[in-house]
Undergrad: 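Following this message is one structure expressed as structure tokens.
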Amino acid sequence: MRSSTLTNRVALVTGGASGIGLAIAQKLYQAGCHIAIADLDLSKADAALAEIPQREGQQKLALHVDMADYPTVYRMVEHCEQALGSLDILVNNAGFQHVAPIETFPPEVFQKLIDVMLVGPFVATQAVFARMKQRGWGRIINISSINGKIGAPYKAGYCSAKHGIIGLTRVTAAEAGDSGVTCNAICPGFVDTPLVQNQLADLSAGYKVPTEKVIEDVILPNVPQRRLIGADEIGDTAVFLASDEAAAITGQTINVSGGYVMS
Ligand SMILES: NC(=O)c1ccc[n+]([C@@H]2O[C@H](COP(=O)([O-])OP(=O)(O)OC[C@H]3O[C@@H](n4cnc5c(N)ncnc54)[C@H](O)[C@@H]3O)[C@@H](O)[C@H]2O)c1
């Protein structure tokens with residue numbers, strides 16, 4: 001559905017070549033935004049954009065970024081603003097998972113998780129913040145997780161980064177003040193994407209259940225709705241947070257988890 005308040009806004013989604021990021025990019029494009037997908041894998045970003053049917057008058061742009069490599073993050077923002085004329089909606093979504101007990105968790109992987117999912121989003125926010133405030137309108141949407149609110153075994157780096165980005169979200173909202181810029185975090189539960197599918201084998205080892213039973217025996221018993229979340233449901237939440245209707249919502253963490261986490 002095209003939203004009049006989002007028509008011709010420019011949105012940039014990091015990690016937009018797959019899963020949740022791609023669904024958010026698709027939904028924002030359908031709502032009338034020009035869209036930039038930035039990803040570590042530029043060819044995958046190009047391919048993802050090609051799959052989104054072209055709409056008259058709306059632009060699509062694929063960009064390379066490594067969220068752990070800060071100069072590429074600044075360049076991503078500059079390229080987007082130059083090519084599409086603005087950057088009104090920043091979605092910090094790129095991420096990955098590593099599952100291991102604390103005793104064997106490699107410190108360099110812990111650091112990388114923090115770099116990609118906390119420091120990178122901070123740098124992207126820094127790059128867009130002043131101009132968003134000058135323009136008097138902006139949306140920063142950080143993709144945290146229910147693991148930003150609860151500790152999950154074997155996810156030390158991921159949980160630390162996802163808790164951290166909730167703090168960044170609140171500070172960004174506080175500093176945005178009355179500028180017209182809002183910042184919120186979405187906290188998805190388990191969403192059916194490659195990131196979840198790729199961790200099942202490691203969770204199977206940790207919980208000592210067969211890989212094909214992890215979803216049914218480990219994940220779903222904690223979810224009142226007894227289902228995985230669809231990436232499109234996260235996309236719909238992002239579109240709402242980006243809209244003018246959500247102007248008073250800032251500094252919030254929105255769980256989209258089928259009831260897994262309720263606070
Ligand atoms: N899938 C879930 O259940 C779930 C739940 C809660 C939160 N999340 C969060 O949602 C976001 C997207 O996850 P997803 O499930 O869609 O995963 P995904 O693996 O489908 O997509 C992640 C994307 O991020 C990109 N990426 C990875 N490292 C990058 C880097 N250094 N720089 C730029 N791009 C990079 C990948 O190339 C990929 O396109 C992540 O932040 C993840 O932590 C996912």
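Just so we're clear, the structure is a prediction, and the values are computed from it rather than from any experiment. In listed order, ligands and their atoms are each counted from 1.
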Undergrad: Give the table of side-chain donor-acceptor pairs shorter than 3.5 Å for residues 84-104, with sequence neighbours excluded, one pair per line with atom names and distance.
TA:
| residue | atom | partner | partner atom | Å |
| --- | --- | --- | --- | --- |
| Ser86 | OG | Asp88 | OD1 | 2.8 |
| Ser86 | OG | Arg135 | NE | 3.3 |
| Asp88 | OD2 | Val10 | N | 2.8 |
| Asn92 | ND2 | Asn142 | OD1 | 2.9 |
| Asn93 | ND2 | Thr14 | O | 3.0 |
| Asn93 | ND2 | Gly15 | O | 3.2 |
| Thr104 | OG1 | Pro101 | O | 3.4 |

Undergrad: What residue and atom, counting heavy atoms only, is the protein's closest point to atom 39 (O) of ligand 1, and at what distance?
TA: Asp39 OD2, 2.7 Å
Undergrad: Using heavy-atom distances, let me know which of Met76, Met67, Lys44 sits nearest atom 32 (N) of ligand 1.
TA: Met67
Undergrad: Could you say whether the N/O atoms of Lys162 and ligand 1 ever approach to under 3.5 Å?
TA: yes
Undergrad: What residue and atom, counting heavy atoms only, is the protein's closest point to atom 28 (N) of ligand 1, and at what distance?
TA: Leu40 CD2, 3.9 Å
Undergrad: Side chain, backbone, both or neither: which part of Val116 has a heavy atom under 4.0 Å from ligand 1?
TA: side chain
Undergrad: Got a sec: does the NZ of Lys133 have more than 12 other heavy atoms crowding it under 6.0 Å?
TA: yes
Undergrad: Can you tell me if Phe96 has a non-hydrogen atom under 4.0 Å from ligand 1?
TA: no
Undergrad: Counting heavy atoms only, which part of Ser144 comes closer than 4.0 Å to ligand 1: side chain, backbone, both or neither?
TA: backbone
Undergrad: Can you name the ring pair (Phe, Tyr, Trp, His ring centres under 6.0 Å) partners of Phe240, sequence neighbours left out?
TA: none
Undergrad: For ligand 1, which atoms sit closer than 4.0 Å to a heavy atom of Val65?
TA: 32 (N), 33 (C)
Undergrad: Run down the list Ile20, Thr14, Ile37 and name the one with the heavy atom closest to atom 16 (O) of ligand 1.
TA: Ile20
Undergrad: Only heavy atoms count here, so choose which of Ala17, Ala38, Ser18, Gly19 is nearest to atom 18 (P) of ligand 1.
TA: Ser18
